[in-house]
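Here's the structure we're looking at; comments come further down.
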Amino acid sequence: MGKHPYEELPEAVRQAIDDHVGLNCPRADIDVGTASALTSLFFPPGAQKVFVKGLPLDHERVDELKAEEAVNAFLPGCAPKLLWRVEAGGWLLLGFYGATATPWAWYAAESQHLEPIAAVLSELSGHPAPESGLPTAWDRWSDYCDPADEPLLTGDRLVHSDPAASNFMIEPDGRAWLTDWSWALRGPAWVDAALWGFRLILDGWQTPQQAATWARTIPAFAQAPRESVAILTEAEARAWEHMQEHGMAELEETIQAARAWAGYWASP
């Protein structure tokens with residue numbers, strides 16, 4: 001998705017942002033993420049930084065931004081809090097707590113980011129999902145599973161479902177933030193750790209054995225039935241293959257990583 005610099009936004013959109021952060025507020029346009037047309041960090045003098053993301057209300061992906069807004073009140077402390085929302089000039093704008101942190105995490109095996117991330121995923125694995133309003137893990141992966149597998153992918157925990165390196169930010173003191181909650185789910189406590197293992201291979205060039213060692217530092221995952229993990233990792237690999245078959249480009253490395261991770265858990 002192409003980014004819209006602040007200066008190119010409609011006047012009503014700029015005015016709505018200025019009403020919250022102040023006129024001529026210092027800012028940095030952030031060129032990460034693909035789900036928002038506007039991603040900017042504002043630095044109001046003497047006040048808390050604000051990260052603003054937004055989309056035109058008629059954009060095909062605006063429902064993702066609305067989902068992120070709706071779930072924010074239920075999120076644990078590792079997620080930046082939503083400070084305000086506004087519709088103006090045909091756009092939906094969300095203002096979040098702005099952290100002083102890396103724009104993404106480093107997932108290599110020797111990275112100092114992995115321990116604080118594992119701590120966040122451990123915390124998240126114990127966090128209950130709201131009673132209603134979220135899709136389930138089964139909704140997400142059922143097309144790639146046997147119907148009899150549904151009980152193995154059913155749970156009542158909050159699941160982020162996309163623990164990519166680009167969705168973690170690390171502060172200088174080591175605190176980890178987990179961002180971009182548009183794809184939050186209700187499911188088993190171990191799901192995010194299982195998906196993290198795949199991302200350690202893809203984003204951190206780790207071996208499946210290394211990724212499994214890190215994933216097992218999360219107690220919910222260490223206790224998960226191997227059969228359940230095998231079903232989820234196979235479904236995730238099939239999902240990426242399905243996207244490639246339907247025209248999504250440049251997925252070869254992603255599919256290779258997903259297949260390597262699924263193959264590890266399929267082995268006895």
Side-chain angles (χ1 to χ4, degrees), residues 1-4 13 16-17 20 30 32-41 50-99 104 120-121 123-125 127-144 153-169 177-189 191-196 198-199 232 235-236 239-240 242-243 246 248:
M1 182 184 300
K3 298 295 184 183
H4 289 242
V13 177
I17 296 173
H20 286 279
I30 309 298
V32 296
T34 60
S36 294
L38 170 68
T39 49
S40 296
L41 183 63
V50 181
F51 177 68
V52 179
K53 61 195 307 186
L55 273 175
L57 284 164
D58 61 358
H59 194 280
E60 62 182 3
R61 297 187 67 174
V62 74
D63 284 345
E64 296 176 31
L65 200 59
K66 291 179 179 179
E68 185 168 11
E69 174 192 356
V71 78
N72 188 264
F74 302 98
L75 302 183
C78 61
K81 292 302 180 186
L82 180 65
L83 304 176
W84 48 264
R85 62 96 65 194
V86 65
E87 293 182 18
W91 281 60
L92 172 62
L93 303 167
L94 302 182
F96 293 90
Y97 172 92
W104 56 77
V120 162
L121 294 177
E123 174 193 1
L124 179 57
S125 69
H127 197 80
E131 291 294 328
S132 61
L134 288 182
T136 67
W138 186 247
D139 293 332
R140 172 80 167 267
W141 287 287
S142 61
D143 287 347
Y144 311 104
L153 295 184
T154 299
D156 61 359
R157 300 294 94 179
L158 181 66
V159 177
H160 180 279
S161 87
D162 188 18
S166 58
N167 285 336
F168 277 99
M169 303 188 303
W177 294 93
L178 181 54
T179 66
D180 292 338
W181 288 81
S182 297
W183 295 94
L185 305 171
R186 180 183 179 89
V191 168
D192 276 321
L195 297 172
W196 186 44
F198 151 57
R199 286 292 180 171
L232 176 70
E236 180 71 357
W240 287 109
H242 179 83
M243 285 184 271
H246 284 76
M248 186 173 288

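Source: prediction; values computed, not measured. Just so you know, residue 1 is the first one in the sequence shown, and it goes up from there. Hydrogens, waters and symmetry mates are skipped; everything else that's a heavy atom, side chains included, is used.
- Residues Ser182 and Glu64 come closest through the heavy atom pair OG-O, 3.0 Å.
- Inter-residue side-chain proximity for His20 and Val50 is flagged as unmet; no heavy-atom pair is nearer than 4.5 Å.
- The CG atom of Asp143 sits 7.5 Å away from atom NE2 of His242, with the distance rounded to the nearest 0.5 Å.
- The two residues Gly77 and Glu123 have their closest heavy-atom pair at N-OE2, 3.8 Å.
- Leu41 CG to Phe96 CZ: the interatomic distance, rounded to the nearest 0.5 Å, is 13.0 Å.
- Val71 has its side chain out of reach of Trp183: every pair of non-hydrogen atoms, C-beta onward, lies at least 4.5 Å apart.
- Counting heavy atoms from C-beta on, the side chains of Leu158 and Leu134 come closer than 4.5 Å.
- At least one side-chain heavy atom of Leu124 sits less than 4.5 Å from a side-chain heavy atom of Leu178.
- Asn167 contributes a side-chain N or O that, together with a main-chain N or O of Asp162, makes up a donor-acceptor pair within less than 3.5 Å.
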For this session: Please lay out, stage by stage, how Leu92 and Leu55 fare under the test side-chain contact (heavy atoms from CB on, under 4.5 Å).
Result: CA-CA 6 Å; Leu92 172 62; Leu55 273 175; 5.7 Å; no
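- Once rounded to the nearest 0.5 Å, the distance linking CG of Leu94 with CG of Leu65 reads 4.0 Å.
- Minimum interatomic distance between Leu93 and Ala16 (heavy atoms only, all atoms of both residues): CD1-CB, 4.2 Å.
- A donor-acceptor contact shorter than 3.5 Å links the side chain of His160 to the backbone of Asp180.
- The nearest pair of heavy atoms linking Arg186 to Gly155 is CG-O, 3.5 Å.
- Judged by distance alone, with hydrogens and angles left aside, the side-chain atoms of His59 form no donor-acceptor pair with the main-chain N or O of Trp91 at under 3.5 Å.
- Between Thr179 and Phe51, the closest side-chain pair of non-hydrogen atoms is not below 4.5 Å.
- Annotation for Pro163 and Ser161: closest pair CD-C, 3.6 Å, computed over non-hydrogen atoms.
- Of the candidates Tyr97, Trp104, Phe168, Trp177 forms a ring pair (Phe, Tyr, Trp, His ring centres under 6.0 Å) with just one, namely Tyr97.
- The CD1 atom of Ile30 lies 10.5 Å from the CG atom of Leu38; values are rounded to the nearest 0.5 Å.
- Taking the charged nitrogens against the carboxylate oxygens, Asp192 and Arg157 have no contact shorter than 4.0 Å, which rules out a salt bridge.
- At least one side-chain heavy atom of Val191 sits under 4.5 Å from a side-chain heavy atom of Trp141.
- Closest heavy-atom contact between Ala137 and Pro188: CB-CD, 4.1 Å.
- Taking CG of Leu195 as the reference point, atom CD of Glu236 lies at 5.5 Å (rounded to 0.5 Å).
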